[in-house]
Structure formats: C-alpha cells, structure tokens
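What follows is a short report on a single structure.
Indexing begins at 1, ligand by ligand and atom by atom, following the structure's order.
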Amino acid sequence: MDNQAVVFARDLSKTFGSIRAVNGISFEVMQGECYGFLGPNGAGKTTVVRMIYCRTFPTSGILKVFGLDVMKNRREINTMIGVAPQENNLDPDLNVIENLIVYSRYYDIPRKEADERGKELLRFLSIDERRKEEVTKLSGGMQRRLVIARALINNPKLLMLDEPTTGLDPQARHLIWQRLRELKRKGVTMVLTTHYMEEAEKLCDRVAVMDSGKILAEGSPHELIRKYAGEDVFEIRHSEDDGIWGRLNGLDFSFEKAGDTVYIFSKEGNEIGKRLLPIRDAEILHRRANLEDVFLRLTGKELRD
Ligand SMILES: Nc1ncnc2c1ncn2[C@@H]1O[C@H](COP(=O)(O)OP(=O)(O)OP(=O)(O)O)[C@@H](O)[C@H]1O
Ligand SMILES: [Mg+2]
C-alpha cells in the first residue's frame with residue numbers, strides 16, 4: 001500500500017535536545033487528498049510539515065514522500081512540492097513579481113515561462129494589480145496570498161500549507177479557501193496545519209488531531225464529530241439548577257464543565273431540548289456539534305504555552 005501514498009510516515013519522531021516535538025506518529029496522505037494537522041500551540045504540527053518538505057530531518061522512523069526517503073532524496077522531493085511556511089519569508093528587497101521570479105530559478109524554470117506563470121499566479125490569487133509593489137507595503141492578507149502564489153510556481157503535485165490563513169480577515173480567508181479548493185479539484189494533494197476548525201472542516205478530507213507530539217485521533221471531520229461529540233451540543237451557562245441531571249435521566253449523553261458553562265453532547269438533541277426547556281434561569285444554546293468540540297474534548301480546555 002505504501003507506494004500509493006504521497007506521504008508515508010511510520011513511527012516518525014523528532015527531538016530537539018530533550019524536547020520530543022514529534023513522538024512516534026504514523027499516517028498516510030493519499031493522492032488528491034487534503035490532510036490537515038490540528039493541535040494546540042507546540043503540538044508538533046510545524047515540525048511534521050518541515051520534515052515532509054525536507055527542511056529538517058527525522059530523528060527516527062520512516063518518512064517517504066512520493067515513495068522517496070526524505071533523508072536521501074531531498075532535491076528530487078523538493079521539485080515536486082510547494083511550500084507556504086508558517087512565517088511569511090518573502091524577500092523585502094524585491095517587489096511582488098520579482099519574489100516569484102527569483103524563486104522560479106531554484107526550479108530552473110526558463111525566464112519567459114516564469115514571467116508568464118508568475119502573472120497567472122498573481123491573477124489566480126488576486127494580487128496582480130500590485131505586481132510592482134514592494135512586498136513590505138502589502139497587507140498581511142496580500143503577503144500571505146503571495147507566499148501561496150510562490151508555493152505554486154513549480155506546479156507542485158503536493159502543496160504544504162502551514163497555517164495558510166492565520167491572522168487574515170474573513171474576505172482573504174474565503175478567497176484562499178476558494179483557490180485551494182480549485183487546486184484540489186485539479187488533483188493537487190495538500191497537507192495543511194490550522195488552528196481554525198472551520199478551515200479544517202471546509203478543506204480537509206481527513207485530519208489528525210495532535211498534542212504533545214502524538215496523534216490523538218484521525219479521520220474525516222464528519223467521522224470525528226460523530227465519534228467524539230455526537231450530533232447536538234447544548235451549552236448551558238450560569239445555571240443554578242442542579243436538577244439538570246435528573247431531567248436527563250435515561251438519555252444517552254456525555255458532558256463537560258468548563259468555567260461557567262456545562263456542555264452536553266448527544267445524539268438525542270430533540271429530547272434533551274424538550275427536557276431542558278423548563279430551566280429558566282440558564283442561558284441555553286442548542287447547536288450542531290462541530291470540529292471545535294472534538295478538538296477541545298481531545299486536547300482539553302486548558303491554556304497552552
Ligand atoms: N528548532 C527547534 N529547536 C528547539 N525546539 C524546537 C524547534 N522547533 C520546534 N521546537 C519545539 O518543538 C515543539 C513543537 O513545535 P512546533 O513548532 O512543531 O509546534 P506547532 O504545533 O507548529 O505549534 P504552533 O501552533 O504554535 O505553530 C515545541 O515545544 C517547540 O518549542
Ligand atoms: Mg506551527
């Protein structure tokens with residue numbers, strides 16, 4: 001099976017001194033798939049993606065990209081992948097289009113082709129009007145779009161996106177999501193990391209939830225939601241009524257308390273809704289379960305770093 005996977009990892013680890021940034025994880029990313037890594041700050045997401053794009057070597061385990069060992073075939077792997085790293089590492093001394101052209105030299109793309117492809121990519125990411133602008137004058141959203149355009153200059157078969165939309169406004173995020181979905185329809189395989197559960201639900205076929213260097217759960221967003229959060233969630237705030245539990249007698253649900261809120265997770269939303277109706281002092285929010293519920297249930301509600 002492993003020769004079909006675009007990315008194949010077995011017992012993959014990376015340590016920095018005494019820090020186990022990635023601690024024995026296994027996963028596969030299949031052709032045409034969008035695979036997401038979720039996890040709190042410091043979970044190890046960036047370390048995993050940096051190993052996939054050969055920017056840092058594994059300490060132990062197997063990691064193959066297009067069937068090639070990352071330890072031995074770095075150059076070959078790099079010709080097939082595009083990378084948008086977590087930090088925008090654009091060259092501030094160059095303007096927008098020059099940032100793309102310079103990058104194209106790493107791939108030995110002829111100048112004329114690079115010019116054409118650069119213009120096309122700037123149009124694709126709606127920054128072509130700023131073609132001659134210094135990159136330092138671009139907004140955060142435009143810089144991010146330029147980083148993504150740059151990642152596409154070599155027509156990659158695998159696109160690596162480390163937090164593609166962090167800090168962007170909703171308009172910029174939606175544009176990027178549109179474009180990433182277009183690329184996916186064209187068959188580009190993607191690996192992304194994100195802190196936005198909505199982004200993962202909208203883009204990813206499968207996600208891995210990481211914490212402390214390990215994968216806690218893996219599956220499609222839908223599967224994970226059903227498995228870890230059920231279908232319905234009730235958020236009950238400021239309730240003085242300890243009678244909640246008595247009212248829910250005999251129903252199948254699980255719950256969690258965090259601060260002033262009780263979360264009830266269940267597949268029997270209608271029945272629970274009816275039984276909670278008489279509670280008047282509380283503020284009750286009834287909504288569908290989502291990936292954020294899964295994330296918080298698996299990784300807890302405590303602050304990180
Ligand atoms: N070059 C390095 N040297 C030492 N420690 C590192 C290095 N890179 C990462 N780490 C540590 O490895 C752990 C995982 O870091 P990583 O950047 O992979 O997390 P992350 O999941 O991407 O976090 P974030 O969501 O904040 O981007 C952290 O404890 C981090 O401090
Ligand atoms: Mg990171």
Quiz item: Out of curiosity, is Arg50 lining ligand 1, as in a heavy atom under 4.0 Å away?
Solution: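 Arg50: no contact with ligand 1 (<4.0 Å).
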Quiz item: Closer than 4.0 angstrom: is that true for some heavy atom of Lys14 and an atom of ligand 1?
Solution: no
Quiz item: When the aromatic ring centroids of Tyr35 and Phe27 are compared, is their separation below 6.0 Å?
Solution: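 They qualify: ring centres under 6.0 Å apart.
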Close-contact set for ligand 1 against [X] heavy atoms, below 4.0 Å:
X: Glu163; value: 25 (O), 27 (O)
X: Thr46; value: 17 (O), 18 (O), 20 (P), 22 (O), 27 (O)
X: Gln86; value: 27 (O)

Self-check item: Check: Gly42 N/O within less than 3.5 Å of ligand 1 N/O
Solution: yes
Quiz prompt | ligand 1 N/O within reach of Ile19 N/O, cut-off under 3.5 Å | solution =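 Between Ile19 and ligand 1 (N or O atoms, distance only) the closest approach is not under 3.5 Å.
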Practice problem: May I ask you to identify, for His195, whether its side chain, its backbone, both or neither come under 4.0 Å of ligand 1 on a heavy-atom basis? | Solution: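 The answer is the side chain.
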Between [X] (side chain only) and [Y] (backbone N and O only), is there a donor and an acceptor less than 3.5 Å apart?
X: Glu98; Y: Asn95; result: yes
X: Asp232; Y: Arg288; result: no
X: Asp293; Y: Ala289; result: no

Self-check item: Interatomic spacing from CG in Leu159 to CD1 in Ile148 - rounded to 0.5 Å
Solution: 7.5 Å
Practice problem: Any chance you could lay out the salt bridge (charged side-chain N to carboxylate O under 4.0 Å, His left out) test for Lys137 and Glu134, step after step, and finish with the verdict? | Solution: CA-CA 6 Å; Lys137 296 205 177 126; Glu134 283 171 44; 3.7 Å; yes
Quiz item: If you stand at the Mg ion (ligand 2) and look out to OG1 of Thr46 and OE1 of Gln86, what angle do those two lines make, to 10°?
Solution: 80°
Quiz prompt | Best match, Pro40, Gly44, Gly17: closest heavy atom to atom 19 (O) of ligand 1 | solution =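 Of the listed residues, Gly44 has the closest heavy atom.
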Practice problem: Have a look at Glu87, Met51, Lys45 and point out the one with the heavy atom closest to atom 25 (O) of ligand 1. | Solution: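 Among Glu87, Met51, Lys45, the closest heavy atom to atom 25 (O) of ligand 1 comes from Lys45.
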